[in-house]
Asks: 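Sharing a structure, written as structure tokens. Questions coming.
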Amino acid sequence: MTTHVTRFAPSPTGRLHLGNARTALFSWLLARGSGGRFVLRVEDTDRERCDEAHVQAQLEDLRWLGIDWDEGPDVGGPHGPYRQTERGEQYRVDYNRLLASGLAYPCFCSDDELAAERRAQRLAGRPPRYSGRCARLALDEVERRLAAGEAAALRFRVPTGVEITFDDAVRGAQRFLSDDIGDFVIRRRDGGPAFFFGNAVDDADMAISLVVRGEDHLANTPRQLLLQQALERPEPGYAHISLIVGEDGSPLSKRHGSFSLHDLREAGFLPLAVANYLARLGHACERHDLLDLPTLAQHFQLDRLSRSPARHDEAQLLHWQRLAVAAADWPALWAWMGPAVHRLVPDSDAEAFVAAVRENLLLPQDGLAWAQTVYSDPLPIDSATRDALTVEAGDFFLHALRALAVHGTDFAALAKQTGQEAEVRGKALYRPLRLALTGREHGPDMGALLPLITVERARRRLEAWASAR
RNA sequence: GCUCCCAUCGUCUAGCGGUCUAGGACGUCGCCCUCUCACGGCGAAAACAGGGGUUCGAGUCCCCUUGGGAGUACCA
């Protein structure tokens, strides 16, 4: 098996999106599954939108998911620094090389001029590409303007009539024409590296063997290949994975609900559930059971990645969540349920409470609801519950009360005696008991629940019903 | 506009010219188990976007149409 050195290069402009998280996970899975390395690089060149808080938040999101890295801004490594804003030294060398060989040239065009140019091209039915105006400037004019302190960006001189081909690891052979690509900016007017440049140069410098990224970068790849060739740098392999779309097939966006990793976490999804879900979105995993990350990595295959966009599906996420909850141990679930539950449930009941309700939980809020059901005193009776019970025989709860006095929280014994005295069985026996004791028609095993409810609360609940008739 | 990518059950997908009366998972719906729900077991409904080719033979190869998506930025 090929050893993959992969990377994840987020731009810290906000929280980690579900799609980015999947890209990160796939990259990590490939590196770990092949015994390779995984590098984290921060592409923080957009000074307007990037900030340190976002960097920390994204690293935190990644760690939460279970992803770790061998090299990165916080752990260092042989190819650092791992923040693009700190790589000015590295970039300077390459800019000078390109300048010296005439492969790059300063561009003095203003944003307005550029916009006008594009508009005119569009109107004329031509593709909006840089005209190359500054590419033809006389050398002495360039020097004069530079000397006069005029701000200039740096553009890469794209060769004409060249065919750029590469073999995408998921999409196969790709072919692009250099004539379709306009000269693009590699250094911004403010001196910062433009995406195509920093991204391509860093991938080469950090010895990345496989760039895993969203399909939206597919058409960008020839630009980066051109740059790497011009700089005589090694070309990494590329794997362009399909994007995640919303349930309606349109690109994921705010209107589809919460889709940052952080939002999912806040909602109470377990990291293992999210990882298992993501690892199967657009990837045909032969295993259908809940897998830990190392095992997931073992079963992750590049050639089983789908080429078509994958829809986010809440039902599938919930499925993995169910399995993840079932697999978690009780202290984990207890912590997961959170302070609201901890306030209601006495510490001494914690383990028993989790054991009783765990099969009825999908999210922490479900735990809260059960805590309220068990520990509220008195238990509020809603009209639906009242209506559901009107059909029951009058003395039923008196019998139940007597049985409770004799058997305490032994639900099996309590039910048996109540059934005998009230002369009911099956559903006619268990339903009203459950309804009166919990206020709900469905729920955890009563044998486990009743000891938590305690004899005292159970008696008050039954009395309320006995006197209500 | 131009360039590129994509197209199998509702969803994620298997399928890499014959073994496909198209398989699995989730979801849905039955039945069983059961004090309820869930779990588990059994079963059902459910798809090759359309049209042309190529071929003895096409879900699988080619073209067109349609429908999605991306890029064409001094955003990544």
Side-chain angles (χ1 to χ4, degrees), chain A residues 9-13 20 43-46 48-50 107 109-111 114-115 118 121-130 151-155 168 170-172 174-177 179-182 184-196 198-199 213-223 240 242-243 245 247 249-251 277 280-289 303-304 306-320 322 326 358-362 411-412 415 419 425-435 438 440-447:
Chain A
S11 187
T13 56
N20 291 144
E43 306 213 332
D44 53 352
T45 58
D46 185 340
E48 299 282 293
R49 301 193 295 146
C50 295
C107 172
C109 298
S110 70
D111 292 339
L114 259 16
R118 277 196 295 272
Q121 286 166 331
R122 240 178 237 286
L123 246 39
R126 304 247 18 148
R129 271 201 282 280
Y130 181 59
L154 210 56
R155 279 186 192 270
D168 190 273
V170 352
R171 268 146 229 280
Q174 304 292 317
R175 196 178 76 101
F176 293 88
L177 267 16
D179 291 349
D180 290 331
I181 305 170
F184 54 92
V185 169
I186 55 176
R187 187 179 65 201
R188 291 200 275 253
R189 205 151 33 215
D190 67 6
F195 167 75
F196 294 126
N199 192 266
R213 50 173 17 172
E215 189 207 311
D216 50 336
H217 289 291
L218 187 61
N220 291 158
T221 308
R223 270 176 261 271
H240 288 94
S242 58
L243 268 18
V245 295
E247 321 231 357
S250 68
Y277 167 66
R280 270 119 176 148
L281 243 196
H283 173 247
C285 187
E286 66 273 29
R287 291 275 298 265
H288 290 297
D289 47 342
D303 58 7
R304 293 186 81 84
S306 161
R307 284 162 303 281
S308 40
R311 280 178 204 232
H312 166 69
D313 184 3
E314 182 93 23
Q316 315 240 21
L317 210 210
L318 252 13
H319 166 71
W320 294 108
R322 175 168 290 121
R358 59 178 301 146
E359 287 189 351
N360 294 70
L361 308 179
L362 229 33
F411 182 74
R425 41 200 281 221
K427 197 169 181 172
L429 166 63
Y430 291 104
R431 198 174 98 107
L433 282 177
R434 172 178 289 279
L435 233 18
T438 70
R440 303 208 224 175
E441 280 200 81
H442 309 301
D445 185 83
M446 285 303 300

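Chain letters run A, B, ... following the sequence lines, proteins first, then strands; residues in each count from 1.
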Asks: To the nearest 0.5 Å, what is the distance between OG1 on A/Thr13 and CD on A/Glu48?
Replies: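 Reported to 0.5 Å precision, the distance equals 12.5 Å.
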
Asks: In Å, rounded to the nearest 0.5 Å, how long is the span from CD of A/Glu247 to CG of A/Asp313?
Replies: 5.5 Å

Asks: Which sits closer to the 5' end of RNA chain B, A/Val170 or A/His288, going by the nucleotide each is nearest to?
Replies: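 This one resolves to A/Val170.
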
Asks: I need the A/His319 NE2 to A/Leu317 CG distance, nearest 0.5 Å.
Replies: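 Reported to 0.5 Å precision, the distance equals 11.0 Å.
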
Asks: In whole Å, measure the gap between the P atoms of B/rA73 and B/rU3 for me.
Replies: 16 Å

Asks: Rounded to whole Å, please give me the gap between CH2 in A/Trp320 and P in B/rU11.
Replies: 19 Å

Asks: Considering only the C1' atoms, how many Å lie between B/rG67 and B/rA22, rounded to the nearest integer?
Replies: 23 Å

Asks: Which whole number of Å gives the distance between the C1' atom of B/rC37 and that of B/rA49?
Replies: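 Their C1' atoms lie roughly 40 Å apart.
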
Asks: Please confirm whether the shortest side-chain N or O distance from A/Arg118 to OP1 or OP2 of B/rC74 is below 4.0 Å.
Replies: yes

Asks: Atom NE2 of A/His312 to atom C1' of B/rG10: distance rounded to whole Å?
Replies: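 Nearest whole value for this atom pair: 15 Å.
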
Asks: Counting side-chain heavy atoms from CB outward, which of B/rU3, B/rC5, B/rU13 is closest to A/Asp180?
Replies: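 That would be B/rU3.
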
Asks: Could you tell me whether the side chain of A/Cys50 reaches within less than 4.5 Å of the side chain of A/Pro12, counting heavy atoms only?
Replies: yes

Asks: Whole Å only: how far is the CG atom of A/Asp303 from the P atom of B/rA14?
Replies: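 Answer to the nearest Å: 10 Å.
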
Asks: Roughly how far apart, to the nearest Å, are B/rU55 and B/rC62 at atom P?
Replies: 16 Å

Asks: Does B/rA70 have a Watson-Crick or wobble partner in any strand here, with both distances under 3.5 angstrom, and which is it?
Replies: B/rU3

Asks: How close or far is atom C1' of B/rG24 from atom CZ of A/Arg287, stated in whole angstroms?
Replies: 15 Å

Asks: Would you mind reading off the distance between A/Tyr277 atom OH and B/rC26 atom P, rounded to a whole angstrom?
Replies: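 From A/Tyr277 OH to B/rC26 P: 15 Å.
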
Asks: The side chain of A/Ala284 is closest to which nucleotide in this list: B/rG71, B/rC5, B/rU13?
Replies: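 Closest nucleotide to the A/Ala284 side chain: B/rU13.
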
Asks: For A/Ser242, answer base if it contacts any base atom (sugar-phosphate contacts may also be present), sugar-phosphate if it contacts only those atoms, and nothing otherwise; contact means non-hydrogen atoms under 4.0 Å.
Replies: nothing

Asks: Nearest to the side chain of A/Leu243 - B/rC4, B/rC74, B/rA70?
Replies: B/rA70

Asks: Distance check, rounded to the nearest 0.5 Å: A/Arg434 atom CZ versus A/Lys427 atom NZ?
Replies: 12.0 Å

Asks: Side-chain N or O of A/Arg307 less than 4.0 angstrom from OP1 or OP2 on B/rU8?
Replies: no

Asks: Applying a 4.0 Å non-hydrogen cut-off, can you work out what A/Gly182 is touching in the nucleic acid: base, sugar-phosphate, or nothing?
Replies: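 Here A/Gly182 touches no strand at all.
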
Asks: What nucleic acid atoms does A/Ala194 come within less than 4.0 Å of, heavy atoms only: base, sugar-phosphate, or nothing?
Replies: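 Here A/Ala194 touches no strand at all.
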
Asks: Can you check whether A/Phe196 reaches A/Ile186 side chain to side chain, under 4.5 Å on heavy atoms?
Replies: no

Asks: Using whole Å, what does the distance between atom P of nucleotide B/rC4 and atom CG of A/Asn220 come to?
Replies: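 The answer, rounded to whole Å, is 15 Å.
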
Asks: For the residue pair A/Phe411 and A/Tyr430, does the interplanar ring angle fall in the parallel (under 30°), tilted (30 to 60°) or perpendicular (over 60°) class?
Replies: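 Tilted, since the angle between the ring planes falls between 30° and 60°.
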
Asks: For nucleotides B/rG69 and B/rU11, find the distance between their P atoms and express it as a whole number of Å.
Replies: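 Result for the P pair: 15 Å, nearest Å.
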
Asks: Of the options B/rA25, B/rA73, B/rC26, whose atoms approach the side-chain atoms of A/Ala315 most closely?
Replies: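 Comparing B/rA25, B/rA73, B/rC26 against the side chain of A/Ala315, the answer is B/rC26.
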
Asks: If you define the side chain from C-beta out and look only at heavy atoms, does anything of A/Arg171 sit under 4.5 Å from A/Ser242?
Replies: yes

Asks: Taking side chain as C-beta onward, heavy atoms only, is A/Glu314 less than 4.5 Å from A/Tyr277?
Replies: no

Asks: Considering only B/rA25, B/rA73, B/rG1, which nucleotide approaches the side chain of A/Pro127 most closely?
Replies: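 Of all the options, the side chain of A/Pro127 is nearest to B/rG1.
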
Asks: Counting only Watson-Crick pairs (N1-N3 plus N6-O4 or O6-N4) and G-U wobbles (N1-O2, O6-N3), all under 3.5 Å, who is the partner of B/rC26?
Replies: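 B/rG10 is the nucleotide pairing with B/rC26.
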
Asks: Would you give a per-nucleotide map of nucleotides 36-49 of chain B, 5' to 3', where B means the base has a protein non-hydrogen atom under 4.0 Å away, S means only the sugar-phosphate does, and - means neither?
Replies: BBB-----------

Asks: Under 4.0 Å, counting only non-hydrogen atoms across every strand here, what does A/Phe184 touch: a base, just sugar-phosphate, or nothing?
Replies: nothing

Asks: Now, which nucleotide makes the Watson-Crick or G-U wobble pair with B/rG40, with each of the two distances under 3.5 Å?
Replies: B/rC32

Asks: Mind checking who B/rC56 pairs with, Watson-Crick or G-U wobble, both distances under 3.5 Å?
Replies: B/rG18

Asks: Quantified in whole Å, what is the P atom distance between nucleotide B/rG41 and nucleotide B/rA25?
Replies: 10 Å

Asks: Any idea which of B/rC26, B/rG71, B/rU13 is nearest the A/Arg223 side chain?
Replies: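 It is B/rG71.
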
Asks: Please check the phosphate of B/rC74 (OP1 and OP2 only) for any side-chain N or O of A/Arg155 closer than 4.0 Å.
Replies: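 For B/rC74, OP1 or OP2 has a side-chain N or O of A/Arg155 closer than 4.0 Å.
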
Asks: Taking atom C1' in both B/rU19 and B/rG59, compute the distance separating them and give it to the nearest angstrom.
Replies: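 After rounding to an integer number of Å, I get 15 Å for this pair.
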
Asks: What's the gap between B/rG27 and B/rU21 when it is taken at their P atoms, as a whole Å value?
Replies: 29 Å

Asks: Could you please name the option among B/rG15, B/rC4, B/rA76 that lies closest to any side-chain atom of A/Gln174?
Replies: B/rC4

Asks: Counting any heavy atom closer than 4.0 Å, what does A/Arg280 reach on the DNA or RNA strands: base, sugar-phosphate only, or nothing?
Replies: sugar-phosphate

Asks: Taking any heavy-atom pair under 4.0 Å as a contact, classify A/His240: base, sugar-phosphate, or nothing.
Replies: nothing

Asks: When we call it a touch if two heavy atoms are under 4.0 Å apart, what does A/Asp46 touch: a base, just sugar-phosphate, or nothing?
Replies: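 Sugar-phosphate only.
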
Asks: Which of these, A/His240, A/Arg307, A/Gln174, sits in a side chain to side chain donor-acceptor pair (under 3.5 Å) with A/Asp168?
Replies: A/His240

Asks: Which nucleotide in the list B/rC5, B/rA76, B/rU11 gets nearest to the side chain of A/Arg311?
Replies: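 Nucleotide nearest to A/Arg311's side chain: B/rU11.
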
Asks: Can you sort out the partners of A/Phe176 under ring pair (Phe, Tyr, Trp, His ring centres under 6.0 Å), two or more places apart, ordered by chain and number?
Replies: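 Scan of A/Phe176 (ring pair (Phe, Tyr, Trp, His ring centres under 6.0 Å), adjacent residues dropped) gives none.
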
Asks: Answer with base, sugar-phosphate or nothing: what part of the nucleic acid does A/Gln316 contact at a heavy-atom distance below 4.0 Å?
Replies: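 If one applies the 4.0 Å heavy-atom cut-off, A/Gln316 turns out to touch a base.
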
Asks: With sugar-phosphate meaning primed atoms plus P, OP1 and OP2, does A/Cys109 contact a base, only sugar-phosphate, or nothing at under 4.0 Å between heavy atoms?
Replies: base

Asks: Within a reach of under 6.0 Å around CD of A/Glu286, are more than 12 heavy atoms found that belong to other residues, nucleotides or ligands?
Replies: yes

Asks: In terms of side-chain heavy atoms of A/Arg171, which of B/rU72, B/rU13, B/rC5 is nearest?
Replies: B/rC5

Asks: Please state whether the phosphate of B/rC75, meaning OP1 or OP2, lies under 4.0 angstrom from any side-chain nitrogen or oxygen of A/Arg188.
Replies: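 Answer is yes, contact under 4.0 Å.
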
Asks: Let me know the distance between CG of A/Leu317 and P of B/rA25, rounded to the nearest Å.
Replies: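 Computing the A/Leu317:CG to B/rA25:P distance gives 20 Å.
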
Asks: Can you identify which nucleotide, out of B/rU72, B/rG10, B/rC74, has its nearest atom closest to the A/Pro128 side chain?
Replies: B/rU72

Asks: Regarding A/Arg187, tell me which of base, sugar-phosphate or nothing describes its non-hydrogen contacts under 4.0 Å with the strands shown.
Replies: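 No contact.
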
Asks: Pick base, sugar-phosphate or nothing for A/Leu114, based on heavy-atom distances below 4.0 Å to the nucleic acid.
Replies: base

Asks: Using atom CD of A/Glu286 as one end and atom P of B/rU13 as the other, report the distance to the nearest whole Å.
Replies: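 Rounded to whole Å, this separation is 15 Å.
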
